[in-house]
Amino acid sequence: MESMGSESVTELLLRWRAGDKACLDKLVPLVEGELRRIAHHYMRMERPGHTLQTTALVNEVYLKLVNQAQVDWQSRAQFLGVAARLMRHVLVDHAREQCREKRGGGAHLLPLDEGLAISPAKSAELVALDDALHDLARFDPRKAQVVELRYFGGLSVPETAEALSVHPNTVISDWSLAKAWLKRELSPRSANGA
Amino acid sequence: MELERWQKIEELYQAAMAQPAEQRADILQRACCGDTELRAEVESLLVAARGASSFLEGSPVYTTTEGGPRPTHAMFPDEIAGAVIGRYHLLQKIGEGGMGEVWLAEQKEPVRRRVALKLVKAGMNSREVVARFESERQALALMDHPAIAKVFDAGSTPEGAPYFVMEYVAGVPITNYCDNHRLSTRERLDLFMRVCEGVQHAHQKAIIHRDLKPSNILVIDVDGRALPKIIDFGVAKALTQKLTADTMFTRVGSLLGTPQYMSPEQADSSGEDIDTRTDVYSLGIILYELLAGAPPLDMRSIAFEEFLRRLREEEPPKPSTKIRTQDAAASTALAHKRQTEPLALAKEIRGDLDSITLKALEKDRSRRYGSPSDLAADIGRHLNNEAVLAAPPSAAYHARKFARRYRVALATGGAFLLVLLAAAGISIWQSIRATKQRDRADAAAASAQAVNDFLQNDLLAQASASNQSGPGTKPDPDLKVRTALDRAAARIAGKFDRQPEVEASIRETIGQTYLDLGQYPEARTQLERALDLERQVLGAQSPKSLKTISLLGRTAFLQGEYAQAEALDDQALQIKRRVLGPEHPDTLASMNNLANVYYMLGEYARAEALDTQTLELRRRVLGPEHPDTLRSMNNLAIVYYAKGEYVQAETLYSQTLEIKRRVLGPEHPETLSSMSNLGIDYRMQGKYAQAEAIESQALEIQRRVLGPEHRLTLNSMTNLAEVYDQEGKYPQAEALDSQALEIQRHVLGLQHRDTLLSMSILANI
């Protein structure tokens with residue numbers, strides 16, 4: 001899955017943008033692989049105490065995989081949308097993995113310098129968040145997307161607006177309500193069994 | 001959760017959030033109309049919102065190398081919307097930048113007003129961010145200018161998050177404001193100059209904005225006056241990192257502003273220091289947009305790296321070119337937003353405003369305006385009809401400016417002084433060239449100086465003095481200029497005894513001006529004297545002498561003294577044939593002139609012969625599609641027409657028209673006049689249907705391209721009216737006639753002011 005295949009990411013992106021939906025399926029594994037690779041790289045390189053920003057990560061993937069000379073502004077936004085979703089998968093997958101281990105599955109422990117470093121507490125939170133987001137997406141997919149883009153992808157308000165083709169004000173108000181709803185859902189008194 | 005219910009919840013939630021906290025309960029009470037479940041739902045969300053300010057604002061990923069997770073939530077209290085920070089009640093988030101958020105807040109004491117409160121964005125707590133935030137605050141606090149949003153207060157929350165409080169500017173971006181209020185170009189320039197003043201103020205405090213763009217320059221109405229306010233100095237003291245794709249995107253908090261207004265040096269990989277001229281560049285882009293409706297290079301539609309490359313390498317199109325290359329609908333809309341029409345708008349922008357804008361956008365910083373105040377000063381000069389620094393230096397330009405400026409003082413006399421200066425400029429140059437060729441460089445410089453001095457001091461001083469007649473009287477402008485010319489003419493004698501070529505130059509110039517004024521005898525006197533001198537000093541065959549002979553020929557022609565004209569033109573032709581050769585374009589031009597004289601004398605046979613010869617030669621030497629060749633075709637056709645040989649004329653007219661249509665385009669003025677000529681010919685042959693067709697076609701195009709008030713358009717109207725008349729279509733004929741009359745009346749009012757000026761320029765340059 002790591003090999004780049006005969007079609008470059010740029011071509012796939014452009015064709016996807018032009019309407020060829022099948023390209024997304026080919027695009028995703030390529031991007032995901034790169035995302036993981038870069039994330040690991042970041043972790044090993046980071047100075048102590050320096051927080052990893054997913055923004056930086058996602059953008060680096062973008063710069064790495066996409067030929068700047070061929071792709072315009074709007075395409076970048078679309079790409080970031082994909083990357084954000086992938087970021088979510090990557091992180092949540094890892095978090096679920098950690099949770100499973102914690103529950104004494106006896107599986108191998110991931111050494112600290114491999115994979116992404118997420119604290120155990122955070123892992124549980126991420127899983128809960130992911131579940132809640134799925135719930136939200138059932139009756140308001142756009143708000144779930146806003147959260148995915150901004151939290152997992154680290155996109156700014158204008159970038160999110162671009163990716164979703166809405167006005168920035170819409171993003172701001174969506175973000176506000178989505179956060180409120182998620183916070184409420186994730187608060188201890190209304191916790192779902194995790 | 002059903003969709004409909006959720007939508008209702010959302011509606012209530014947003015409505016409540018837009019209000020101050022203490023009023024929310026009431027709103028909910030009223031809106032929920034007894035639906036307690038709904039109310040509870042919304043209320044629980046509002047409560048959650050209060051605690052969610054930092055929720056999800058950080059990154060989901062941490063490092064572990066310090067042995068434990070480092071939380072990235074914000075350092076300020078959970079309660080934010082509706083919260084109180086210091087003595088400010090936060091109302092609503094109104095903006096989000098790279099590292100900060102801006103909230104609309106209400107100050108209760110000591111004075112009740114709305115303010116803008118800027119704080120560090122949730123999730124950003126690094127020392128770097130806080131330091132930058134602090135430097136922005138300090139930068140703003142230093143400034144005190146009406147065009148810059150003021151800082152009132154600053155502080156930190158109990159948790160240690162810094163904030164500062166600014167003037168709340170309830171305005172719209174400058175570009176939107178100008179369009180919404182349909183500000184004219186002049187009004188836009190005035191507003192823009194005030195923006196420059198503000199930026200200049202910042203520069204004087206050693207602060208470079210670095211991110212000037214329309215959304216950072218809001219305009220508000222104060223007592224009916226438009227006031228710009230520059231907000232957001234957020235990147236003002238940013239690190240001097242070069243801006244490439246990676247630094248742009250991977251900087252903390254995502255894209256650092258839009259690259260649309262970024263200067264070439266910011267995009268340059270050599271990483272030069274940014275200085276005040278970077279702001280000048282951004283101002284230039286904004287000016288461009290205000291004038292032409294769009295920036296010179298639109299980044300939306302091209303790849304980012306391509307944008308950077310073009311920014312670095314390609315010259316921007318002139319604003320007037322950008323306006324011109326739009327389709328009719330777009331340019332009408334554009335002009336409409338500036339309270340004008342497309343043609344007038346392009347004319348307004350062409351020239352100075354083009355030059356000024358491009359100078360602000362120079363890629364080489366040393367060629368740009370050094371400061372915003374320099375830019376504003378040049379705009380001021382333009383508005384005052386003075387010469388702007390950005391314009392290419394030329395005698396004609398300065399003369400034009402000079403004339404425009406003193407137009408008020410000199411009435412239409414200015415037009416002729418303009419001619420004088422322009423012509424003098426040209427003849428000075430010619431005289432310098434001639435003398436330089438004879439190794440008299442110093443003398444040449446001195447001559448040029450002498451001529452200049454004379455013109456400035458004697459002639460123009462005369463002109464302004466001669467205009468200081470009674471305050472209430474409406475002076476006859478021609479009289480004043482004539483007087484000035486007369487006096488100047490008198491003064492020349494004896495002044496340039498040792499500089500005959502200078503005297504010749506001046507006399508020729510003055511002679512030409514008399515000619516344009518219709519003062520033929522006076523023109524004659526000057527030109528003859530000039531010719532004498534030229535013959536003496538330069539020889540009878542010299543280009544200058546030849547030119548003067550031609551001028552004398554034209555003078556005679558215009559006086560109606562065709563015999564004399566014939567003699568002079570013939571003389572010129574002989575010399576040219578000998579000196580330049582029988583097929584030289586200048587020789588051919590002389591042949592043309594002579595043929596014109598024959599025509600005027602009524603000697604059609606000789607005219608036809610000479611025109612035919614000229615046409616043949618021009619076809620061969622210049623090519624069948626050269627403008628001069630076309631002119632010859634036209635002239636010959638006219639001779640046929642005059643002889644009554646309409647069919648032969650028609651053939652030639654058609655041929656000419658076909659070529660013009662093809663080479664110049666169907667809407668070129670020359671093509672249009674060919675159409676008119678053909679139309680007249682058709683009419684004479686009684687081919688009324690064809691005449692009507694071609695005349696109405698020409699008229700339609702002229703109306704559109706030249707405008708309904710243009711001389712040629714009026715001509716066409718008259719022509720077409722005559723055709724209708726011949727056809728018996730009397731109502732149409734009458735309608736057109738009265739239309740034409742109406743326009744003529746209107747135009748007459750404007751004619752004196754403008755048409756004279758432009759025609760004089762055309763006559764001599």
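Protein chains get the first letters and strands the later ones, always in sequence-line order, with residue 1 at the start of each.
Contacts between A:L129 and chain B at a heavy-atom distance below 4.5 Å involve the side chain alone, from C-beta outward. Contacts of B:E41 with chain A are made by both backbone and side-chain atoms, with heavy-atom separations under 4.5 Å. Only the side chain of B:Q14 comes within contact range of chain A, with heavy atoms under 4.5 Å apart.
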Given the rule in the side-chain contact (heavy atoms from CB on, under 4.5 Å) test, do B:E10 and A:D140 qualify, once you have shown the distances and angles that lead to the verdict? CA-CA 11 Å; B:E10 174 160 18; A:D140 196 336; 4.1 Å; yes
Quick one: do A:R138 and B:L3 satisfy side-chain contact (heavy atoms from CB on, under 4.5 Å)? Show the steps, please. CA-CA 9 Å; A:R138 264 187 239 124; B:L3 188 57; over 6 Å; no
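Enclosure of atom CZ in B:R114 is not indicated, since only 12 or fewer non-hydrogen atoms of other residues, nucleotides or ligands lie within 6.0 angstrom.
We find the CG-CZ distance between B:L46 and A:R184 to be 10.5 Å, quoted to the nearest 0.5 Å. Taken to the nearest 0.5 Å, the NZ atom of A:K183 stands 13.5 Å off from the OG atom of B:S44. The CH2 atom of B:W6 lies 6.0 Å from the CG atom of A:L136; values are rounded to the nearest 0.5 Å.
Qualifying side-chain hydrogen bond (donor to acceptor under 3.5 Å, both in side chains) partners for B:N216, counting only residues two or more places apart in sequence or in other chains: none. The side-chain hydrogen bond (donor to acceptor under 3.5 Å, both in side chains) search around B:T175 returns none, not counting sequence neighbours.
Of the N and O atoms on the side chains of B:Y13 and A:S176, at least one donor lies less than 3.5 Å from an acceptor on the other residue.
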